[in-house]
Amino acid sequence: MAEAAEEAGFSEDDFYCPVCQEVFKTPVRTAKCQHVFCRKCFLTAVRESGTHCPLCRGSVTKKERTYPKRALDVENSMKKASGGCRCCEKQVEFSRMRQHYKRCKKYQDEYGVSSVIPNLQISQDSTGNSRIVVIAGNGGMANNQILQGETSGHPTFKCPLCQEANFTRQRLLDHCNNRHLYEIVPVICPICVSLPWADTNQVTRHLVSHLNLRHRFDYGEFV
């Protein structure tokens with residue numbers, strides 16, 4: 001099935017929206033630069049950026065900003081071609097990939113709210129500072145690590161997109177949503193790195209989407 005897309009001049013990456021990083025939903029194409037986006041992503045982006053393409057900052061006509069042209073060739077190829085789920089690697093038609101992601105447990109654990117809530121406990125050390133201890137399923141401390149902080153404060157993070165520092169979790173979310181909403185640069189999430197059970201080498205394709213899906217709350221709130 002992937003060969004059908006190649007014969008039509010598409011690669012697997014061509015079926016993913018550069019704004020939301022998901023498989024296209026109602027793909028549309030800009031007239032001048034020929035870039036393709038989900039219709040909703042495109043309309044939202046141009047509402048923010050005015051007359052510019054969200055990807056290359058090329059000009060977009062007034063008509064396109066209201067009625068972008070459907071990319072029917074992309075839609076047809078999505079019905080014929082299949083690709084691997086980015087998490088479970090199951091081969092799925094691109095036109096049905098979004099429905100698959102809603103049911104895929106591995107995908108939900110990676111890009112949505114995890115289905116496994118860590119077992120957290122709070123204790124105090126000899127100086128009176130609190131510490132959040134992650135308890136593994138067997139009763140031991142996960143990875144032998146703890147996330148520490150003063151009872152009156154929170155850990156702070158550096159934005160990996162602009163290197164501005166000293167953000168709380170919520171301020172980092174607000175900063176990225178306001179400053180980096182349409183930046184698509186593979187980075188390592190600083191909040192994930194701070195968690196005791198994290199994979200410190202896990203690269204995030206779209207930081208803003210990841211933050212909004214995975215870090216809209218503090219894990220300590222579950223305690």
Side chains of F94 and Y16 in contact at under 4.5 Å (non-hydrogen atoms):
yes
Taking every heavy atom of R39 against every heavy atom of P68, the minimum-distance pair comes out as CG-CG, 4.2 Å
Output for pair (R98 CZ, C38 SG), nearest 0.5 Å, gives 4.5 Å
Quiz item: Does R96 CZ have over 12 foreign heavy atoms under 6.0 Å away?
Solution: no
Those residues at least two apart in sequence (or on a different chain) that pass side chain to side chain contact (heavy atoms under 4.5 Å, CB included) with Q34 are R29
Value for CE (M78) from CG (D73), rounded to nearest 0.5 Å, stands at 11.5 Å
Interatomic distance, CZ@R171 vs CD@E164, rounded to 0.5 Å, equals 7.5 Å
Between the NZ atom in K40 and the SG atom in C17, the distance rounded to the nearest 0.5 Å is 12.0 Å
Heavy-atom check, side chain of C104 versus side chain of K90, under 4.5 Å = no
Do V185 and L207 sit in the same hydrophobic cluster, where Ile, Leu, Val, Met, Phe, Trp and Tyr count as joined when their side-chain heavy atoms come under 4.5 Å apart?
yes
Value for OH (Y67) from OG1 (T61), rounded to nearest 0.5 Å, stands at 12.5 Å
For T30 and C33 the tightest heavy-atom approach is OG1-SG, 3.0 Å
Worksheet item: Taking the side chain as C-beta and beyond, is there a heavy-atom pair between R169 and L172 under 4.5 Å?
Response: no
*Can you list the steps and then say if C85 with K106 is a side-chain contact (heavy atoms from CB on, under 4.5 Å)?*
CA-CA 10 Å; C85 168; K106 289 185 177 180; over 6 Å; no
Between the CZ atom in F37 and the OG1 atom in T26, the distance rounded to the nearest 0.5 Å is 15.0 Å
Taking every heavy atom of M97 against every heavy atom of G83, the minimum-distance pair comes out as CE-O, 3.5 Å
What one should report as the nearest heavy-atom pair of V187 and L161 is CG1-CD2, 3.9 Å
Sub-4.5 Å side-chain heavy-atom contact between F15 and S77
yes
Minimal heavy-atom distance between F157 and S194, with the atoms involved, is CE2-OG, 3.5 Å
Report task. Taking the side chain as every heavy atom from C-beta outward, state whether H100 and E93 have any pair of such atoms under 4.5 Å apart. Result -> no
Check: Is any side-chain heavy atom of C159 closer than 4.5 Å to a side-chain heavy atom of R179?
Finding: no
Minimum side-chain heavy-atom gap E22-S209 below 4.5 Å:
no
Passes side-chain contact (heavy atoms from CB on, under 4.5 Å), V36 versus D14? Steps please. CA-CA 8 Å; V36 183; D14 290 331; over 6 Å; no
Q) Does V60 reach the side chain of K32, with side-chain heavy atoms less than 4.5 Å apart? A) no
Closest non-hydrogen contact found for V208 with C176 is CG2-O, 3.7 Å
**Asked** Can you tell me if CD on Q163 sees more than 12 non-hydrogen neighbours from other groups inside 6.0 Å?
**Response** yes
